[in-house]
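From a predicted model like this one, the values you see are computed outputs, not experimental measurements. Protein chains get the first letters and strands the later ones, always in sequence-line order, with residue 1 at the start of each.
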Protein chains: 2
Amino acid sequence: MTYCVGMLLDAGIVCLSDSRTNAGVDHINSFRKLNVFERPGERVMVLMTAGNLAITQAIVTMLNERLSSTEGTSLWSVPNLFEAARHVGDTIRDVHRRDAESLQAFGIDFSASLILAGQIRGERPRLFNIYAAGNFIEATPETPYFQIGESKYGKPIIDRVITRGTSLDEATKCALISMDSTIRSNLSVGLPLDLALIRTDECRIARHRSIESQDPYFSIVRSEWGQALRDAFNALPNPDWSRD
Amino acid sequence: MTYCVGMLLDAGIVCLSDSRTNAGVDHINSFRKLNVFERPGERVMVLMTAGNLAITQAIVTMLNERLSSTEGTSLWSVPNLFEAARHVGDTIRDVHRRDAESLQAFGIDFSASLILAGQIRGERPRLFNIYAAGNFIEATPETPYFQIGESKYGKPIIDRVITRGTSLDEATKCALISMDSTIRSNLSVGLPLDLALIRTDECRIARHRSIESQDPYFSIVRSEWGQALRDAFNALPNPDWSRD
């Protein structure tokens, strides 16, 4: 399983993914699910993937191959993020044409869900959720984030905290709390984490960090958030229905 | 959709369910999903249901019919909660025998998931999760609660707070917070709520309350928990990776 979240804020973009993939509990590996495409100062894109690893790896590999090909569209040649999302969608459809039938013969669904976030010089930062069919939706001011994979455990805290005005640091904190809640509830989501931050109009990665279990700040989040939550819980009054 | 949670504590039992059922967004109704079987002082059982409404209603109706029949097993005649869970499981299998094939003809799964909680004089309070196949599991000291239906959004707060030693009032507060988080994240879970409390060794319902949107305490939970969560979030330090 996978959990990835991408947040689009006035201040920039926060992308966080886990790296656990498993084909059954006895075959657990770590794979990067957060891919960076960057020409510092001109364009930066972060692509996070969930779903069948063979499929998502094929998609990312084909996207990388197209970067180095001289003809045809690539993430280096697209003029804006919308065209980048279309290019990723077309690549998903190419993989589908190649693999879907064979997968079906083995009863395997063609499952893939992607988050594309970034900025190309000349337009604002943008955030897309791209589906297995190659179609996609873009985040609006009312939806400052997208999640893919095991998204439910970590959703309430984001809904309570994140707005477009949230700072990058606070959004990072929220993403890590959301990930911690997910890891606690689903063993198939696991460390290390990949974190990427983009500041609006820099068109480059401001921070790309791999977070291991001994990461000092994530350790603080893991230990202190649980206690903070219990303290908040205890501060809330108990029901007083004695007058019923 | 449905969300029900049953908690088994040293102090007793907390059962909370929503009452929203929908067959498509244009056909939304409220149905009770929390059923009480009580002979005060001798036995008390709470049965909560999730899944296909026609199936779960048939199960509850057959359980009620068997209460008034003179021969055969019923929830009045079973000697303990384990036998009560078996009786509910057998009733599910009777409904399955009658309906499953016809449902399959329409491509409808036989979906039903139940929580049975209660106490029969002479044994301790017990909590069971009963599946569509009629088999079931019982809560152990390590698992003080079961959820059915849309369980993920409301799970983290329970995992952080609930132990067997939690008081009935605190567990009620936690169940309502868990329900609030679920309602905020899934429109198909909705008010009114059904709450039932049982105190250990009373073998009766200590409180059975229908919670509407204007319920004073639930309104406090809804308004104050969000703020308490944001305060706890703000109190947690932001990442300081400036030294990287």
Side-chain angles (χ1 to χ4, degrees), chain A residues 14 150-162 166-178 180-186 195 197 206-209 211 215-218 220-244, chain B residues 14 150-162 166-178 180-186 195 197 206-209 211 215-218 220-244:
Chain A
V14 174
E150 180 60 277
S151 61
K152 292 184 176 182
Y153 299 116
K155 186 173 184 293
I157 181 63
I158 302 177
D159 287 333
R160 307 252 193 195
V161 167
I162 295 296
T166 307
S167 74
L168 277 186
D169 278 349
E170 284 187 315
T172 302
K173 177 170 65 170
C174 180
L176 290 170
I177 291 171
S178 174
D180 179 44
S181 295
T182 307
I183 289 172
R184 287 175 187 276
S185 295
N186 187 328
L195 173 71
L197 305 183
R207 179 177 309 284
H208 187 182
R209 185 185 182 90
I211 297 173
D215 179 272
Y217 180 65
F218 190 55
I220 291 174
V221 168
R222 304 198 86 173
S223 57
E224 290 191 13
W225 178 248
Q227 188 53 51
L229 212 54
R230 281 184 288 273
D231 294 344
F233 177 82
N234 293 330
L236 204 65
N238 283 340
D240 172 18
W241 290 328
S242 47
R243 294 178 313 285
D244 297 7
Chain B
V14 174
E150 181 60 276
S151 62
K152 292 184 177 183
Y153 298 116
K155 186 174 185 292
I157 182 62
I158 302 177
D159 287 333
R160 307 252 192 193
V161 167
I162 295 295
T166 306
S167 73
L168 276 186
D169 277 349
E170 285 188 313
T172 302
K173 177 169 65 170
C174 180
L176 289 171
I177 292 171
S178 173
D180 179 44
S181 296
T182 307
I183 289 172
R184 287 176 187 277
S185 295
N186 187 329
L195 172 71
L197 305 182
R207 180 177 309 284
H208 186 183
R209 184 183 182 94
I211 297 173
D215 180 89
Y217 180 67
F218 190 56
I220 291 173
V221 168
R222 306 200 85 173
S223 57
E224 291 190 11
W225 177 248
Q227 190 53 50
L229 211 55
R230 281 183 288 273
D231 295 343
F233 177 81
N234 294 331
L236 203 65
N238 284 339
D240 171 18
W241 290 326
S242 46
R243 292 177 315 285
D244 296 8

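Residues B:Arg184 and A:Asp159 form no side-chain contact, since every pair of their non-hydrogen atoms from C-beta on lies 4.5 Å or further apart.
For a residue to count as touching a neighbouring chain, one of its non-hydrogen atoms must lie under 4.5 Å from one of that chain's; by this rule B:Thr172 touches chain A with the side chain only. Neither the backbone nor the side chain of B:Pro216 has a heavy atom closer than 4.5 Å to any heavy atom of chain A. Looking at B:Glu150, the atoms closer than 4.5 Å to chain A (heavy atoms on both sides) all sit in the side chain, from C-beta outward. Of the atoms belonging to B:Ile162, not a single heavy atom falls under 4.5 Å from chain A. Looking at B:Leu176, the atoms closer than 4.5 Å to chain A (heavy atoms on both sides) all sit in the side chain, from C-beta outward. In this structure, no portion of A:Ile158 lies under 4.5 Å from any heavy atom of chain B.
Between A:Phe233 and B:Ile177, the shortest heavy-atom distance links the atoms CD1-CD1, 3.6 Å. Heavy atoms only, all atoms of each residue included: B:Arg160 and A:Gly226 are closest at NH1-CA, 3.6 Å.
Each of A:Asn234, A:Ile220, A:Asp231, A:Asp169 has some count of heavy-atom pairs under 4.5 Å with chain B, and the biggest count is that of A:Asp169. Contacts with chain A were tallied for B:Ser151, B:Ala228, B:Pro156; B:Pro156 has the most, counting heavy-atom pairs under 4.5 Å. With respect to chain A, the highest number of heavy-atom pairs below 4.5 Å among B:Asn186, B:Val221, B:Leu236, B:Thr182 belongs to B:Leu236. When each of A:Lys173, A:Glu224, A:Glu170 is scored by its heavy-atom pairs under 4.5 Å with chain B, the top score falls to A:Lys173.
Using modelled atom types, no side-chain atom of A:Lys155 and backbone atom of B:Tyr153 make a donor-acceptor pair closer than 3.5 Å.
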